[in-house]
2 protein chains.
Amino acid sequence: MELHAVADLPEIRPGDDIAELVADRATLEAGDVLTVASTIVSKAEDRAVDLEEFPVSGRAAEIADRLEGITGDEKDPRFAQAVLSESTELLIDAPFLLTETRFGHICVNAGIDRSNVPDNDILLLPKRPTKSAERIRAGLEERGIEDVAVVVTDTCGRPFRHGQRGVALGWAGMPASRDWRGEEDRDGHELGVTVQSVIDELAAAANLVTGEGDGGTPAVVVRDWDFGDHGGSDELFRSVEDDLIRQALREWRFEG
Amino acid sequence: MELHAVADLPEIRPGDDIAELVADRATLEAGDVLTVASTIVSKAEDRAVDLEEFPVSGRAAEIADRLEGITGDEKDPRFAQAVLSESTELLIDAPFLLTETRFGHICVNAGIDRSNVPDNDILLLPKRPTKSAERIRAGLEERGIEDVAVVVTDTCGRPFRHGQRGVALGWAGMPASRDWRGEEDRDGHELGVTVQSVIDELAAAANLVTGEGDGGTPAVVVRDWDFGDHGGSDELFRSVEDDLIRQALREWRFEG
Ligand SMILES: Nc1nc2c(ncn2[C@@H]2O[C@H](COP(=O)(O)OP(=O)(O)O)[C@@H](O)[C@H]2O)c(=O)[nH]1
Ligand SMILES: Nc1nc2c(ncn2[C@@H]2O[C@H](COP(=O)(O)OP(=O)(O)O)[C@@H](O)[C@H]2O)c(=O)[nH]1
Ligand SMILES: [Mn+2]
Ligand SMILES: [Mn+2]
Ligand SMILES: [Mn+2]
Ligand SMILES: [Mn+2]
């Protein structure tokens with residue numbers, strides 16, 4: 001398996017065609033996976049916005065106020081409002097905001113970035129990252145590039161472990177996971193691990209190459225990796241019934 | 001960046017020298033990262049055991065009994081005892097066991113595997129995976145192979161997202177994370193993402209190559225990836241104070 005960053009991508013502007021920009025700079029082959037950082041997908045989809053676009057609700061003012069009291073840092077209630085507007089559920093409201101975005105992803109601040117946004121205050125995540133991945137894949141196909149899977153990625157934190165790592169937000173042209181159910185181990189026994197989230201593993205692998213800074217390398221071509229002869233699943237985000245941690249969080253409140 | 005599985009590794013037995021087995025089969029270069037699945041580290045460290053080695057405590061009997069009632073599947077109380085014996089804290093006791101292992105890793109069933117264990121009932125995780133990584137790295141150095149980092153990996157699940165993915169349990173020869181604090185984005189602003197868990201990303205990348213089944217490919221060489229000129233951190237597992245999810249779980253109980 002090989003990973004190479006796509007070189008020389010420009011600063012991405014609203015309306016830019018990512019498929020075209022990548023196709024002009026990289027040789028893609030059937031079976032490759034193209035990972036694309038959500039940052040540039042958002043820029044292309046005009047998701048860089050200013051805070052003044054978020055008139056503050058009472059709830060957002062209250063949240064920002066409490067966070068300011070707890071952290072001692074100034075908190076803009078318009079930012080809290082942007083997070084609420086992007087979310088369907090607020091899982092933790094202090095000492096930071098953990099929410100479920102409208103497309104089902106759980107992360108801090110609804111994944112809103114303040115880095116790598118040149119002309120606006122903030123960058124929202126793509127509205128429907130799987131749709132974005134499908135569009136990029138279709139754009140490649142229009143240019144005669146067939147059978148390339150696309151994964152839209154972000155970097156985010158997680159419970160239990162320090163630090164952040166690359167994760168998948170959207171995908172097209174391959175299932176989200178390898179389903180190993182019914183397959184056997186080296187001794188002919190049934191496997192313990194059943195569902196391998198390969199798009200998250202691809203996103204994590206790509207993140208080693210893209211980095212988090214000024215590298216200018218948001219797109220990565222993965223070659224010579226094969227999904228293989230397995231069942232597939234397209235479920236990535238857990239539902240509440242299926243997630244004890246979410247259930248526990250619903251009954252809990254930070255008392256700091 | 002390139003990843004290649006080490007070919008032709010045999011079935012690993014207690015006392016086997018993983019450094020030697022890998023060095024005989026792969027050409028390692030300075031700057032490479034070698035990932036090794038915990039399964040074979042455990043086998044080499046004699047961590048394949050039988051359930052009869054776990055005399056059942058009252059607590060284990062109670063846990064197994066409740067799980068049996070909830071899930072409708074037969075539960076061996078000796079397995080519950082093995083999980084307790086490997087753990088320092090029980091975070092969830094139903095409808096499955098989520099614990100913190102003695103070395104700080106949080107996962108279901110203390111990471112105990114029933115797949116890929118030929119002659120015993122179960123396989124415990126290595127006792128101190130970072131010590132294991134250091135030993136393998138020292139073994140490579142004894143054979144004149146210098147400057148190869150080693151990451152001991154496992155596959156496990158996570159909150160919020162379906163499926164399992166590769167994670168790091170232990171590491172040697174490199175920091176666990178890249179610390180981006182103080183570095184700048186493309187516009188000279190401070191970065192949002194601060195700590196990138198590169199060993200977890202390496203473990204996830206390698207897992208795409210090792211797979212979960214009968215592939216027989218537990219070791220992967222990562223070439224042409226560079227930690228780069230960043231600060232580093234060796235904290236991987238969050239402490240309770242630093243983990244709201246753990247705090248929430250302490251106050252919660254499954255009522256199913
Ligand atoms: N060429 C180019 N690179 C960008 C642009 N915006 C961000 N990047 C790069 O994309 C990579 C990922 O950036 P990051 O902010 O971590 O994106 P995220 O993980 O999707 O939130 C880094 O190498 C950035 O330097 C852009 O508009 N053009
Ligand atoms: N050569 C060899 N491969 C093994 C052995 N045990 C497991 N494997 C392989 O190692 C890889 C990872 O196995 P898995 O059970 O998922 O390990 P884990 O992720 O560390 O729990 C798979 O390709 C297995 O077939 C062994 O003793 N020898
Ligand atoms: Mn981001
Ligand atoms: Mn990033
Ligand atoms: Mn395992
Ligand atoms: Mn595995």
Side-chain angles (χ1 to χ4, degrees), chain A residues 1-3 11 92 106 113-118 155 158-167 176-177 180 183-187 189-193 195-198 200-202 204-205 207-209 211-214 216 225 228 233 235-238 243-249 251-252 254, chain B residues 1-3 11 92 106 113-118 155 158-167 176-177 180 183-187 189-193 195-198 200-202 204-205 207-209 211-214 216 225 228 233 235-238 243-249 251-252 254:
Chain A
M1 176 168 116
E2 280 184 35
L3 293 93
E11 177 67 30
I92 296 180
I106 291 176
D113 257 339
R114 281 178 277 205
S115 304
N116 286 321
V117 200
T155 311
R158 62 267 168 94
F160 309 145
R161 303 170 82 84
H162 281 291
Q164 286 139 298
R165 85 299 187 208
V167 295
S177 304
W180 295 82
E183 300 186 46
E184 292 179 349
D185 73 5
R186 292 163 55 82
D187 316 299
H189 300 124
E190 216 184 300
L191 290 181
V193 169
V195 178
Q196 182 188 6
S197 181
V198 290
D200 274 340
E201 293 182 331
L202 287 162
N207 220 36
L208 289 163
V209 176
E212 304 299 337
D214 59 5
W225 175 76
S233 155
E235 279 184 80
L236 179 61
F237 306 116
R238 285 184 193 271
D243 194 341
L244 299 185
I245 307 290
R246 284 182 73 167
Q247 295 174 28
L249 286 175
E251 296 176 20
W252 179 81
F254 177 74
Chain B
M1 176 167 117
E2 280 183 35
L3 293 92
E11 177 68 30
I92 296 180
I106 291 176
D113 257 339
R114 281 178 278 205
S115 305
N116 286 320
V117 200
T155 311
R158 60 269 169 93
F160 308 146
R161 303 169 83 83
H162 281 291
Q164 287 141 297
R165 84 300 186 208
V167 296
S177 304
W180 293 82
E183 299 185 46
E184 292 178 349
D185 73 5
R186 291 163 56 82
D187 316 301
H189 300 124
E190 214 184 302
L191 291 182
V193 169
V195 178
Q196 181 188 6
S197 181
V198 289
D200 274 339
E201 293 181 332
L202 287 162
N207 220 36
L208 289 163
V209 176
E212 304 299 338
D214 59 6
W225 176 76
S233 155
E235 278 183 80
L236 179 61
F237 306 116
R238 286 185 193 271
D243 194 339
L244 299 185
I245 307 289
R246 285 182 71 167
Q247 295 174 28
L249 285 175
E251 295 176 21
W252 178 82
F254 177 74

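In what follows, every chain begins at residue 1, and chains take the letters A, B, ... in the order their sequences are listed.
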Next on the checklist: Is A:Val167 in contact with chain B via its backbone, its side chain, both, or neither, using a 4.5 Å heavy-atom distance?
Outcome noted: both
Next on the checklist: For the CG atom of A:Asp113 and the CG atom of B:Asp185, what is their distance to the nearest 0.5 Å?
Outcome noted: 9.5 Å
Item to check | Any B:Arg165 side-chain heavy atom under 4.5 Å of A:Gln196 side chain | outcome: no
Item to check | Residue among B:Gly163, B:Ser177, B:Gly166, B:Pro118 with most heavy-atom pairs under 4.5 Å to chain A | outcome: B:Pro118
Next on the checklist: As a test of understanding, state which of B:Ile106, B:Leu244, B:Ile245 forms a side chain to side chain contact (heavy atoms under 4.5 Å, CB included) with A:Pro159.
Outcome noted: B:Ile245
Checklist entry - Looking at A:Arg246, A:Arg158, A:Arg238, which one forms a side chain to side chain contact (heavy atoms under 4.5 Å, CB included) with B:Phe160? => result A:Arg246
Checklist entry - Once you round to the nearest 0.5 Å, how far does CG of A:Leu202 lie from CG of B:Leu208? => result 5.0 Å
Next on the checklist: For the CD atom of A:Gln164 and the OG atom of B:Ser197, what is their distance to the nearest 0.5 Å?
Outcome noted: 9.5 Å
Checklist entry - Quick one: are B:Glu184 and A:Asp214 in side-chain contact, heavy atoms under 4.5 Å? => result no
Next on the checklist: Is any side-chain heavy atom of A:Val195 closer than 4.5 Å to one of B:His162?
Outcome noted: no
Next on the checklist: Please report the interatomic distance CG(A:Asn116) to CG(B:Leu191), rounded to the nearest 0.5 Å.
Outcome noted: 7.0 Å
Item to check | Residues, nucleotides or ligands: over 12 heavy atoms within 6.0 Å of A:Glu11 CD | outcome: yes
Checklist entry - Which bit of A:Glu190 comes within less than 4.5 Å of chain B, counting heavy atoms only: side chain, backbone, both or neither? => result backbone
Item to check | Contact class of A:Asp243 relative to chain B, heavy atoms under 4.5 angstrom | outcome: side chain
Checklist outcome for this item: In terms of heavy-atom contacts, A:Ala204 and B:Glu201 come closest through O-CB, 3.5 Å
